[in-house]
Amino acid sequence: MSIKKRLFLVAVFLCIAVWAGFYLQSLHFGLHNFKDSAYYIILAESLSHFQGLRAMCYPGHPLSKYCAPLFPLMLSPILYFFGRNFVLMHGLVLLFSLLTLFFTYKYIENASDSRMAFWVTLYLICSWVFFRFSIEILTDIPFMFFISLSLYLFTLYIQDDKYLSSRGIMLSVAIVLAYFCRYAGIILFVSLEAYLLFRKENKKAIFLGSVFIVPFLLWNLRNLFVVNIFEPSLSQQLSSFLKASHFFNNLKLYRFYFPDTLLPLFEFNPRYHLLYRKIYLFIDFIVLMGLYINLRDKKNVFLGIFYLLFLLLLFLWPAFSGGRYFLPLLSLTIFFFLQGLRTVMQQITFLKQKYVFSFLVGLMIAFSFYYTFFVFRPSHIAMPYYSQDFYKLLLWAKNNIDFNKNEIVASNRPTVTYFVLGHESFTVAIPDQTQNRSRMNEYKVRYIFLTIPIALRRKELVPFFRAYGERIYLLRKEGESYLYKIIN
C-alpha cells in the first residue's frame with residue numbers, strides 16, 4: 001500500500017472518529033422516531049419470546065407482514081438478554097453506520113479511485129441526513145449498509161471468471177439480507193440482474209436469481225396466508241402507488257430536497273431563497289451530469305441503473321418521505337455530484353483543476369459539517385414536540401388510570417401506546433366511522449388517545465363523538481395530544 005493511500009485511510013478514520021464522538025454526544029438513549037422505532041422493538045420482543053413476528057400492540061397479537069423481519073430479528077437478542085436496553089440498540093445502529101462508511105469507501109474506490117472515495121466518504125460523514133438516521137433505532141442505516149456491502153461485493157464479482165465463487169455467494173446473501181431488511185431491497189436485486197443480463201453474463205444472473213428467488217417466494221407465500229386487519233393490505237398498498245399525482249408531487253419536492261442534502265442553505269437567511277433555488281438547480285444539473293457520465297461507463301453502469309430505479313420508486317411513493325427513503329441513494333448522489341463537478345472543472349483550462357476542485361469540495365464539506373453538528377444536531381436530538389406531548393399523556397394515563405389487566409384502548413399511535421402502557425390498541429380511522437363504533441363495542445373501549453395528525457382533524461370525528469353524546473368527554477390534554485373517556 002502506497003504512502004498516499006495510507007494517508008487517505010488515516011484521514012478517513014480520523015474523520016469517522018470525530019463523527020462517532022458527535023454521535024455519542026447526541027444520543028439521549030431513547031427513541032426519536034417513536035412510532036416506527038417502537039414497532040420494530042415490539043416485533044423484536046415477540047421474536048425474543050419465540051412467538052414469531054407478531055404485532056403485540058394490536059388486539060389478538062396478529063402476525064405482521066407489513067414489516068421486513070431482519071431488523072427486529074437483529075434486535076431480538078438484545079431484548080432477550082438485556083430487555084429494552086437503548087444503549088445496546090443504539091450501539092448496533094452505530095456499528096452499522098461505521099460499516100456503511102467503510103464499504104462506501106471501498107465500492108467508490110473500486111468504481112473510481114481512492115481520492116474520489118475519500119471525498120465521498122468525508123462528505124457522507126458530514127451529511128445531516130446520514131447523521132440524523134444514525135442516531136435512531138430504525139432500519140435506514142442497516143439497509144444502507146447492506147446496499148453498500150452489496151455494491152462493493154458486486155464490483156468484485158463482475159471481475160470473477162466463474163459464476164460460482166466466494167464473492168458471488170457473499171453477494172447473493174447480502175442482496176437477500178438487503179431485501180429482508182427493507183422490501184425496497186428488491187430494487188437492488190433487479191438492478192444487478194439487469195446489468196448482468198445486459199453484459200450477457202447469464203450464468204451469474206441465474207445464480208444470483210436462484211439464490212434470491214427461493215427465500216423471496218417462501219416469505220411472500222407466508223404473507224399470503226397472514227391476515228392482519230390492522231395493517232395495510234397488499235391491494236391498498238398497490239393502489240396507492242398507481243397514481244400519477246404522487247409521481248409529479250414527489251418529483252417537485254425531491255428536486256429541491258436532493259441538493260439540500262448536499263448544501264443545506266434554506267435554514268439560513270430567508271431573503272436569499274430565490275438565490276438558493278438557483279444554486280439548487282445548478283446542483284441538480286451537476287448530479288444529472290454525473291449520472292449521465294456513469295450511465296455511459298460500461299464498467300459502472302449498474303450504479304446508474306440502481307440509482308434510476310430507486311428514484312422511480314421514490315417518485316411513485318404515496319407520500320413524500322424525505323430523508324428516510326432517500327438515504328440509500330445519498331452516497332451515490334454525492335458520488336455523481338463530485339463526478340459532474342470534476343468534469344466541469346476539467347473544461348476550465350485556465351484553472352489548476354485539481355486544486356480548485358479540492359477547494360470547492362472542501363468548502364462544501366466544511367459547510368455541511370458546520371450545519372450538521374452545530375445547527376441541525378442541537379435541534380434534532382430530542383423527540384419532536386408532538387411525540388413528547390403524546391409520551392407525557394401516556395405516562396400520565398399509566399400513573400393515574402386504573403386499567404383492567406387486558407384492557408384494549410383506541411389510539412392513532414397503537415405502537416407507541418403499547419410501548420408505554422403495555423395495552424393493546426387499534427387505530428381510530430377517520431374515514432370509516434362505522435368501523436370505529438363496531439370496534440369500540442367489540443373491545444368495550446373506555447379510553448381514546450389522539451395525537452398529530454388525527455388530533456388536528458378532530459372536527460371530522462364529530463359524528464363519531466356525537467353518537468356517544470354525554471357519555472364521552474375530554475379527560476386530559478397535553479399540547480396537541482388528547483385523551484377521551486367513554487362512560488359505558
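Scope of the values below: all heavy atoms of this structure, side chains included, with no hydrogens, waters or symmetry mates. Note that the structure is predicted; figures quoted are calculated from it, not measured.
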Colleague: Quick check for you: to the nearest 0.5 Å, what is the distance between Ile187 atom CD1 and Leu313 atom CG?
Modeller: 5.0 Å
Colleague: Parallel, tilted or perpendicular: which fits the ring planes of Tyr157 and Phe207, with parallel below 30° and perpendicular above 60°?
Modeller: tilted
Colleague: Tell me whether Ser76 contacts the main-chain N or O of Leu73 through its side chain, where contact means a donor paired with an acceptor under 3.5 Å.
Modeller: yes
Colleague: What about the rings of Tyr107 and Phe154, do their centers lie closer together than 6.0 Å?
Modeller: no
Colleague: Between Ser411 and Thr417, is any side-chain donor less than 3.5 angstrom from a side-chain acceptor?
Modeller: yes
Colleague: In Å and rounded to the nearest 0.5 Å, what is the CG to NE2 distance from Leu92 to His90?
Modeller: 11.0 Å
Colleague: What's the shortest heavy-atom distance between Glu201 and Ile158, and which atoms?
Modeller: OE2-O, 4.4 Å
Colleague: Got Phe282 and Pro259 here, is their nearest side-chain heavy-atom distance under 4.5 Å?
Modeller: no
Colleague: Does the side chain to side chain contact (heavy atoms under 4.5 Å, CB included) test come out yes or no for Tyr123 and Ser368, once each step is laid out?
Modeller: CA-CA 8 Å; Tyr123 216 136; Ser368 290; 3.6 Å; yes
Colleague: For Phe96, run the ring pair (Phe, Tyr, Trp, His ring centres under 6.0 Å) check against Phe133, Phe145, Phe103, Phe102 and tell me which one passes.
Modeller: Phe145
Colleague: Ring centres of Phe369 and Phe373 under 6.0 Å apart?
Modeller: yes
Colleague: Nearest 0.5 angstrom please: Glu45 CD to Ile78 CD1, how far?
Modeller: 12.0 Å
Colleague: List the atom of Tyr58, the atom of Ser425, and the distance in Å for their closest heavy-atom pair.
Modeller: CD2-O, 3.4 Å
Colleague: Is the shortest side-chain heavy-atom distance between Ile175 and Leu171 below 4.5 Å?
Modeller: yes
Colleague: After noting the C-alpha distance and the side-chain angles of Met74 and Phe71, does the key distance pass the side chain to side chain contact (heavy atoms under 4.5 Å, CB included) rule?
Modeller: CA-CA 5 Å; Met74 290 188 293; Phe71 189 58; 3.8 Å; yes
Colleague: I'd like to check Trp128 versus Pro264 (side-chain heavy atoms, cut-off strictly below 4.5 Å). Are they in contact?
Modeller: yes
Colleague: On a heavy-atom basis, which atom in Cys126 and which in Thr372 lie closest, and how many Å separate them?
Modeller: O-OG1, 2.6 Å
Colleague: What donor-acceptor contacts under 3.5 angstrom involve side-chain atoms of residues 332-341, with partners at least two apart or in another chain?
Modeller:
residue: Thr333; atom: OG1; partner: Tyr307; partner atom: OH; Å: 2.7
residue: Thr333; atom: OG1; partner: Leu329; partner atom: O; Å: 2.8

Colleague: State, without any angle test, whether Asp160 and Ser165 hold a side-chain donor-acceptor pair at a distance under 3.5 Å.
Modeller: yes
Colleague: To the closest 0.5 Å, what do you measure between OG1 (Thr261) and CZ (Arg132)?
Modeller: 12.5 Å
Colleague: Given the rule in the side chain to side chain contact (heavy atoms under 4.5 Å, CB included) test, do Leu291 and Leu303 qualify, once you have shown the distances and angles that lead to the verdict?
Modeller: CA-CA 9 Å; Leu291 175 60; Leu303 297 175; over 6 Å; no
Colleague: Please assess Tyr152 against Asn110 for the test side chain to side chain donor-acceptor pair (under 3.5 Å), listing each intermediate value before the final yes or no.
Modeller: CA-CA 8 Å; Tyr152 167 64; Asn110 288 349; 5.1 Å; no
Colleague: Shortest non-hydrogen contact from Leu43 to Arg54?
Modeller: CD2-O, 3.3 Å
Colleague: Return the minimal non-hydrogen interatomic distance between Ile125 and Leu101, and the atom names on each side.
Modeller: CG1-CD2, 3.7 Å
Colleague: Do Val176 and Phe180 come close enough that some side-chain heavy atom pair is under 4.5 Å?
Modeller: yes
Colleague: Compute whether any side-chain donor of one residue and acceptor of the other, for Asp297 and Asn300, lie under 3.5 angstrom apart.
Modeller: yes
Colleague: State, with a plain yes or no, whether a side-chain heavy atom of Phe302 is found less than 4.5 Å away from one of Leu151.
Modeller: yes
Colleague: Go through Ser481 and Thr451 one step at a time and tell me if the side chain to side chain donor-acceptor pair (under 3.5 Å) criterion holds.
Modeller: CA-CA 4 Å; Ser481 297; Thr451 189; 2.9 Å; yes
Colleague: Between Phe306 and Phe310, does the ring centroid distance fall short of 6.0 Å?
Modeller: yes
Colleague: In plain terms, say whether Arg413 and Asp389 are close enough for a salt bridge, that is, a side-chain N and a carboxylate O under 4.0 Å apart.
Modeller: no
Colleague: Please report the C-alpha distance between Arg296 and Val301 in whole Å, then the side-chain angles of each, then the deciding distance to 0.1 Å, and finally whether the side chain to side chain contact (heavy atoms under 4.5 Å, CB included) criterion is met.
Modeller: CA-CA 7 Å; Arg296 289 176 59 86; Val301 69; over 6 Å; no
Colleague: Just wondering, do Tyr39 and Ser64 contact through their side chains at under 4.5 Å, heavy atoms?
Modeller: yes
Colleague: Please determine which of Trp219, Phe146, Phe143, Phe212 meets the ring pair (Phe, Tyr, Trp, His ring centres under 6.0 Å) test together with Tyr179.
Modeller: Phe212
Colleague: Just how far is it from atom CG of Asn294 to atom OG of Ser112, taken to the nearest 0.5 Å?
Modeller: 10.0 Å
Colleague: Hey, could you give me the NZ/OH distance between Lys203 and Tyr163, rounded to the nearest 0.5 Å?
Modeller: 6.5 Å
Colleague: Tyr183 and Lys65: which non-hydrogen atoms are nearest, and at how many Å?
Modeller: OH-O, 3.4 Å
Colleague: Could you walk me through whether Glu424 and His61 pass the side chain to side chain donor-acceptor pair (under 3.5 Å) check?
Modeller: CA-CA 8 Å; Glu424 301 157 22; His61 303 169; 2.9 Å; yes
Colleague: Does some side-chain heavy atom of Tyr40 sit less than 4.5 Å from a side-chain heavy atom of Ile137?
Modeller: no
Colleague: Would you call Arg182 and Asp140 a salt bridge, using N to O less than 4.0 angstrom?
Modeller: yes
Colleague: Measure the shortest side-chain to side-chain distance between Ser97 and Val93 over non-hydrogen atoms and say whether it is less than 4.5 angstrom.
Modeller: yes
